[in-house]
Structures are given as C-alpha cells and as structure tokens.
Amino acid sequence: MSIVKINVLTVPAEQREVLERRFASRAGAVESSDGFEWFELLRPVEGTDQYLVYTRWRDEAAFQAWMEGPMKAAHQGGGGAGAAGGEGGGERPKPASSSAAVWTFEVVQQAAPVAPTEN
C-alpha cells in the first residue's frame with residue numbers, strides 16, 4: 001500500500017502568509033512525479049503553530065526518487081517551497097518555518113465516499 005509523508009513545519013504567525021504564498025507558487029512541482037498520489041497543505045486553526053504538508057506516494061522508493069531529483073534541484077536553486085523555499089532568483093530567502101520534522105506512515109486502511117446508486 002501507499003506511504004504518507006507529513007512534513008511538520010513550525011511557522012510563526014508573521015510568516016504564515018509567506019509560507020502559503022511559497023506553496024501556492026510551487027503548484028505543479030510534485031504532481032507529475034512518478035509515484036506521487038496526493039498533496040495537501042494543512043493550516044492550523046487553533047492550539048498549534050504547526051502546518052502539516054501531507055503527501056502520499058506509491059511507495060518509499062517513489063518518494064526517495066522525488067527527494068533526490070526534482071525536490072533537491074528545486075531547493076538548491078532557491079525555487080522550492082516550504083521551509084526553505086524561494087520566490088525567484090537572487091539571494092535565497094530565509095525559511096518561513098522555525099523548525100521542521102518529517103513523519104512517515106504506511107496506509108493500512110482507507111475509505112472513500114460511496115458513489116450514489118441510480119434507481
């Protein structure tokens with residue numbers, strides 16, 4: 001089954017807009033990667049200053065291939081998003097997050113909405 005990677009980003013209130021803008025500008029950066037299944041950026045509503053970056057992959061190998069290829073290239077060039085992402089050329093902007101951690105989970109059960117039946 002699939003694996004889920006959750007990047008936990010601690011983002012001070014004054015950097016939230018910056019982080020969200022950086023992720024919006026990266027649209028399409030991961031979607032065409034082999035083995036990629038899903039992406040969500042989750043904004044905290046209350047009780048925490050941690051954003052969750054949820055990605056789902058076919059397997060660990062697909063995630064690692066993306067990490068070593070497109071993601072690494074984007075972040076080294078200053079064009080990536082998230083903790084170290086950029087907004088164009090020139091000097092690399094400071095991270096929007098003050099800390100980050102990655103959690104890994106295997107999908108062991110899943111459910112989807114039931115499609116309505118026609119009568």
Engineer: Where do Val107 and Val4 land on the side-chain contact (heavy atoms from CB on, under 4.5 Å) test, with the steps shown first?
Structural biologist: CA-CA 7 Å; Val107 176; Val4 169; 3.7 Å; yes

Engineer: To the closest 0.5 Å, what do you measure between OG (Ser2) and CD (Gln110)?
Structural biologist: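 Going from OG on Ser2 over to CD on Gln110, the span is 6.5 Å.
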
Engineer: Do Leu42 and Tyr51 come within less than 4.5 Å of each other through their side chains, counting heavy atoms only?
Structural biologist: no

Engineer: Start with the C-alpha distance between Trp38 and Glu31, add both sets of side-chain angles, then the distance that settles side-chain contact (heavy atoms from CB on, under 4.5 Å), and finish with yes or no.
Structural biologist: CA-CA 8 Å; Trp38 199 258; Glu31 287 85 335; over 6 Å; no

Engineer: Would you please indicate if the ring centroids of Trp57 and Trp66 are separated by under 6.0 Å?
Structural biologist: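 Here the rings of Trp66 and Trp57 have centres that are less than 6.0 Å from each other.
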
Engineer: Taking Ile6 as the starting point, is it possible to reach Val30 by hopping between hydrophobic residues whose side chains are less than 4.5 Å apart?
Structural biologist: no

Engineer: Evaluate the side-chain proximity of Phe105 to Arg56: yes if any heavy-atom separation is below 4.5 Å, no if none is.
Structural biologist: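 They are not in side-chain contact.
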
Engineer: Among side-chain atoms of Glu60 and Gln64, is any donor-acceptor pair under 3.5 angstrom?
Structural biologist: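 Yes, Gln64 and Glu60 have a side-chain donor paired with an acceptor closer than 3.5 Å.
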
Engineer: Linking I/L/V/M/F/W/Y whenever their side-chain heavy atoms sit closer than 4.5 Å, directly or via other members, would Val8 and Met67 fall into one cluster?
Structural biologist: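 In one cluster: no.
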
Engineer: Evaluate Ile3 against Phe63 for side-chain contact (heavy atoms from CB on, under 4.5 Å), listing each step before the verdict.
Structural biologist: CA-CA 9 Å; Ile3 64 155; Phe63 173 75; 4.2 Å; yes

Engineer: When you compare the side chain of Phe23 with that of Val53, does any pair of heavy atoms fall below 4.5 Å?
Structural biologist: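 Yes. Closest side-chain heavy atoms under 4.5 Å.
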
Engineer: Under a 4.0 Å threshold between the charged nitrogen and the carboxylate oxygen, would Glu20 count as salt-bridged to Arg16?
Structural biologist: no

Engineer: Can you give me the closest heavy-atom contact between Gly35 and Ala62, atom names plus distance?
Structural biologist: CA-CB, 3.7 Å

Engineer: Assess whether a salt bridge exists between Arg22 and Glu17, defined as any Lys/Arg side-chain N lying under 4.0 Å from an Asp/Glu carboxylate O.
Structural biologist: no

Engineer: Taking atom CD as the centre, does Glu40 end up with more than 12 heavy-atom neighbours from other residues, nucleotides or ligands that are less than 6.0 angstrom away?
Structural biologist: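 Result for CD/Glu40: enclosed.
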
Engineer: I would like to know whether Val11 and Asp49 meet side-chain contact (heavy atoms from CB on, under 4.5 Å); could you show each step before the answer?
Structural biologist: CA-CA 6 Å; Val11 182; Asp49 57 356; 5.9 Å; no

Engineer: Quick one: do Arg58 and Glu37 make a salt bridge, cutoff under 4.0 Å?
Structural biologist: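 Salt bridge flag = no for Glu37 with Arg58.
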
Engineer: Indicate whether any N or O donor in one side chain lies under 3.5 Å from an N or O acceptor in the other, for Thr55 and Lys5.
Structural biologist: no

